[in-house]
Amino acid sequence: QVQLVESGGGLVQAGGSLRLSCAASGRTFSTYLMGWFRQAPGKEREFVAAVGLMGSNTYYADSVKGRFTISRDNAKNTVYLQMNSLKSEDTAVYSCAARIPPWRNKVDPLDYAYWGQGTQVTVSS
């Protein structure tokens, strides 16, 4: 029912910043809870951040808290992930995901029904 397309990934030096975007199709974007996940080489997919329907409630993994900011613009059908103070361990494929409320466990990938294809983020040091 909703299609997600990520963009904004690329190569950045450690300490730098990058903003990822996730564009959603359809007219029901504002009815979906949104999250960002990442998968590094040789590792399992892990939770990064999540945001509620109107953007007021946000949640972060401990590893990115204070450095990353998730936000959404429902008028543009887009969710963002602003990444600052990037570290080499942030290197991963970043994917956005959506689910219909309510959350059961927002850090669990299985809680989300819809996924984008992902965008590569590489942090050099």
Side-chain angles (χ1 to χ4, degrees):
Q1 189 172 17
V2 61
Q3 293 177 310
L4 307 173
V5 180
E6 301 94 337
S7 63
L11 176 64
V12 64
Q13 292 185 343
S17 299
L18 206 61
R19 188 179 76 162
L20 305 183
S21 299
C22 175
S25 66
R27 298 179 176 89
T28 60
F29 174 72
S30 62
T31 68
Y32 289 91
L33 304 168
M34 300 297 297
W36 283 98
F37 291 78
R38 67 187 183 186
Q39 187 167 24
K43 298 183 178 180
E44 294 185 350
R45 181 175 293 171
E46 66 173 346
F47 170 77
V48 176
V51 62
L53 296 179
M54 301 304 297
S56 297
N57 298 320
T58 57
Y59 311 88
Y60 299 94
D62 289 340
S63 59
V64 306
K65 193 172 299 181
R67 300 188 298 121
F68 290 10
T69 302
I70 188 172
S71 62
R72 67 191 296 164
D73 186 340
N74 288 342
K76 296 182 178 180
N77 279 15
T78 304
V79 62
Y80 304 95
L81 185 68
Q82 178 67 47
M83 305 184 294
N84 299 325
S85 301
L86 283 163
K87 307 173 181 179
S88 60
E89 50 262 46
D90 294 320
T91 295
V93 174
Y94 285 72
S95 301
C96 65
R99 72 157 283 137
I100 298 174
W103 270 312
R104 305 187 191 281
N105 184 357
K106 61 179 67 66
V107 307
D108 187 353
L110 296 178
D111 215 35
Y112 299 79
Y114 305 99
W115 292 83
Q117 295 299 111
T119 185
Q120 176 70 50
V121 172
T122 303
V123 183
S124 63
S125 61

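We use all heavy atoms of the structure for the numbers below, so side chains are in, but hydrogens, waters and symmetry mates are not. Sequence positions, counted from 1, serve as the residue numbers for this chain.
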Any pair counted as salt bridge (Lys or Arg N to Asp or Glu O under 4.0 Å), so long as it reaches residues 102-125, sequence neighbours left out: R99-D111

Residues that Q3 engages under side chain to side chain donor-acceptor pair (under 3.5 Å), provided they are two or more places apart: none

Flag, side chain of E6 to backbone of Q117, donor-acceptor distance under 3.5 Å: yes

Carboxylate-amine/guanidinium proximity below 4.0 Å for D90 and K87: no

S30 OG to D73 CG distance, which is reported to the nearest 0.5 Å: 11.5 Å

Nonpolar side-chain network containing V12, other nodes, edges under 4.5 Å: V2, L4, L18, L20, F29, Y32, M34, W36, V48, V51, Y60, V64, F68, I70, V79, L81, M83, L86, Y94, I100, Y114, V121, V123

Salt bridge (charged side-chain N to carboxylate O under 4.0 Å, His left out) involving R19 - partner list, sequence neighbours excluded: none

Sequence-distant partners of F47, ring pair (Phe, Tyr, Trp, His ring centres under 6.0 Å), two or more places apart: F37

With sequence neighbours excluded, residues passing side chain to side chain donor-acceptor pair (under 3.5 Å) with Q120: T122

Contact list for residues 69-93, test ring pair (Phe, Tyr, Trp, His ring centres under 6.0 Å), sequence neighbours left out: none

side-chain contact (heavy atoms from CB on, under 4.5 Å) against P101, all qualifying residues, sequence neighbours excluded: L33, L53

Other cluster members, L11 - Ile/Leu/Val/Met/Phe/Trp/Tyr, side-chain contacts below 4.5 Å: none

Side chain to side chain donor-acceptor pair (under 3.5 Å) against N74, all qualifying residues, sequence neighbours excluded: R72

Contact summary for A50 and W103, nearest pair of heavy atoms: CB-CZ2, 3.6 Å

Sequence-distant partners of W115, side chain to side chain donor-acceptor pair (under 3.5 Å), two or more places apart: none

S125 versus S88, closest heavy-atom pair with distance: OG-CB, 4.2 Å

Pair listing, side chain to side chain donor-acceptor pair (under 3.5 Å) test, anchored in residues 42-59, at least two apart: R38-E46

